[in-house]
Each structure stands twice: as C-alpha cells, then as structure tokens.
Amino acid sequence: MKKTFVSDNKAFNTQLLDFIINFKSLGDMFNDGDRNVIKTMTIDGVLVNVKSFRTPNIINKIVYRFFRKSKAQRSFEYAQYLENHDYGTPKPLGYFENSSALTFRDSYYASEHLKADLTYRELTTDLNYPNHEDILRAFTRFSFKLHQNGINFLDHSPGNTLIVLNNGDYKFYLVDLNRMQFGKMDFVTRMKNLSKLTTHESIVKVMSSEYAKVSGEDESLIFNTVWKETQDFQERYYRKKRLKKKFKFWKK
C-alpha cells in the first residue's frame, strides 16, 4: 500500500482513506466510464472526487509496480505542478496505490470537486452559447500560455477543460492529468496539441485568429496546420473505431 495526502488534518485523511478502501460501497457515482470511475463524497464539509483507475493489464501491472509511476501518482504530481505554476486544476488531495510484492493492483486519485459552469465541449455542441467567441478566445490564450511554458497536456480534449465564467473573467481548469509532457514545444507540436478539441472549422478559425494575435505567428499557417492535424486525428480515430468493431465481430 502506498498513499500520499496533502492535508495535515488526520481525521480528514482517515475518512478519505476509508472512502478509497471502501470505494465500491461508499460515495455517490459521478462518472461511470468505460475505463475509470469517479465518485464523490463530502468529508468535513469538503466535496471530494475520487477517481478509480481501471485495473491495468498483466504487462502494465509489472510496469507500474517497478518501472513507471501510476496514473494516480502522475495525476497528483501534475496537479501540484499546475497549482505551483498558477494554472487551474481541481485542488489535489492525494493518491493511493494498492500493490503486492510482485505486482501492481489498482490506484486512486483524490481532489476537491470543482463546480464548473461548462466544459470546452459545450462550445463545440452549442455554437450559440452566450459569449461563445469571447470564451473561445480566452481559452486559446490559456492554451498559448501553457505552450509558452512548455506544458504539453496530451489529453487536451473537449471534456478535459472545466470553465468557470466568473462574470466574464473566464477561468480554466484542467482535469484528467495523467498524460503530460514538459519542455520546449515546437510549432507543429503546439498545433497538434490543439487538434483534438473540435471538428468545427469555424471554431478552428477563431482559435487560429487569437493564437496568431498572442503568438505573432502567421494566422493562415496556424489555421492550415491545425485544420490538417484535426482531420488527420479524426481519420485515425475513426479508423481505430472501425478496427475495434471488426475485432469484436471476429471474436463472436
């Protein structure tokens, strides 16, 4: 067993640990995903999210036990990094890993629940959302700031940015943090980072316009590169779905 909690409140940590240990029977379901499960519970007046990561396959059980940090540990450490560098993310509370001497079993990441007004996804499903373009441009400036500081959020996808409207002073909070890289990002890497967010050409045009303003780079080059990367990403995504469908058919 490996656990790390940030609070100095022993009673809080004890209740949080009990929540994690009894995850199947405690808490309210927040998101029952195909791979991971998120539950919430109020502890000492704080609404807590705990994310249970899917049990890894037999190879990754060895990898996570001996060679690589778990998804829970990475989520926790990356959240602390973002906090320390003034980027939004729900406040990290700790993580827990369950292992034996020879193999990794499961892991959990705990954070405070953040009440958001929307996610980036709503900007892609409702093009008439109030102040749509203003929010989109603010999000683009947020993304550029990440790029400037060498933060490559590999899961920069529609559901992974929470948005708090805050009377027009928009605040952005990243979630699902276990895949990040740090270091200088070249132009193509930055454009690829924006390519998983939307399939709407009009949204890409607005983002390209704002990115050009803050970066000083050519707007046409930005748009053409992001749009090509977007189309390439969609092609790979649907090809993968078709292959999975065929594989399931063959297994029958």
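The first residue of the sequence shown is numbered 1, and numbering continues consecutively from there.
Considering only residues two or more places apart in sequence or on other chains, Y129 meets the ring pair (Phe, Tyr, Trp, His ring centres under 6.0 Å) condition with none of them. By the ring pair (Phe, Tyr, Trp, His ring centres under 6.0 Å) test, H132 is found to be paired with no residue, residues two or more places apart in sequence or in another chain being considered. Judged as a ring pair (Phe, Tyr, Trp, His ring centres under 6.0 Å), and not counting sequence neighbours, the contacts of F142 are F172. In this structure, Y173 has no ring pair (Phe, Tyr, Trp, His ring centres under 6.0 Å) partners at least two apart in sequence or on a different chain.
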Between side-chain atoms of residues 200-208 and protein atoms elsewhere (two or more places apart, or another chain), which donor-acceptor pairs fall under 3.5 Å?
{"unit_1": "H200", "atom_1": "NE2", "unit_2": "T124", "atom_2": "O", "d": "2.9"}
{"unit_1": "S208", "atom_1": "OG", "unit_2": "V204", "atom_2": "O", "d": "2.7"}

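Contact detail for L93 and S111: the closest heavy-atom pair is CD1-C, 3.6 Å. Scanning all heavy atoms of the two residues, the minimum distance from V50 to A110 falls at CG2-CB, 4.0 Å. In plain terms, the two heavy atoms of S215 and F144 that are nearest each other are CB-CE1, 3.5 Å.
Tracing side-chain contacts under 4.5 Å through hydrophobic residues (I, L, V, M, F, W, Y), one reaches I222 starting from W227; they form part of the same cluster. By the criterion of side-chain heavy atoms lying less than 4.5 angstrom apart, applied directly or through intervening Ile, Leu, Val, Met, Phe, Trp or Tyr residues, L162 is not grouped with L165; the two fall into different hydrophobic clusters. Taken together through direct or relayed side-chain contacts under 4.5 Å among Ile, Leu, Val, Met, Phe, Trp and Tyr, V37 and L177 form parts of separate hydrophobic clusters. Taking hydrophobic clusters as Ile, Leu, Val, Met, Phe, Trp and Tyr residues chained together by side-chain heavy-atom distances below 4.5 Å, L102 does not share a cluster with V63. Linking ILVMFWY side-chain heavy atoms closer than 4.5 Å, directly or via other members, places L194 and I163 in a single hydrophobic cluster.
Between Y108 and the options F19, F23, F53, a ring-ring contact (aromatic ring centres under 6.0 Å, His included) holds for only F23. Test Y109, F153, F182, Y95 against Y78 for ring-ring contact (aromatic ring centres under 6.0 Å, His included) and you get one pass: F182.
Aromatic ring centroids of F139 and Y120 lie under 6.0 Å apart. In summary, the aromatic rings of Y81 and F76 are positioned with their centroids too far apart to meet the 6.0 Å limit.
Salt-bridge check for E97 with K3: failed, with every basic side-chain N at 4.0 Å or more from each acidic carboxylate O. Checked for salt-bridge contact, K184 and D186 miss the test: no charged N lies under 4.0 Å from a carboxylate O. Remark: D232 does not engage R236 in a salt bridge, criterion side-chain N to carboxylate O under 4.0 Å.
Side-chain atoms of D28 and K39, non-hydrogen and from C-beta on, never get closer than 4.5 Å to each other. Within the 4.5 Å cutoff, side-chain heavy atoms of S100 are placed close to those of R105. Between M41 and N49 there is no side-chain heavy-atom pair separated by less than 4.5 Å. You'll find the side chain of P92 reaches within 4.5 Å of the side chain of E83, heavy atoms only. Between N57 and N60, some side-chain heavy-atom pair lies under the 4.5 Å cut-off. When side chains are defined from C-beta on, I151 counts as touching L82, because their heavy atoms get closer than 4.5 Å.
Side-chain atoms of Q73 and E77 include a donor-acceptor pair closer than 3.5 Å.
Sequence neighbours left out, the pairs with a member in residues 137-154 that pass side-chain hydrogen bond (donor to acceptor under 3.5 Å, both in side chains) are Y87-N149, E133-R137, R137-S209, R137-E210, R141-E210, S143-H156, H147-N193, H147-Y211, N152-N193.
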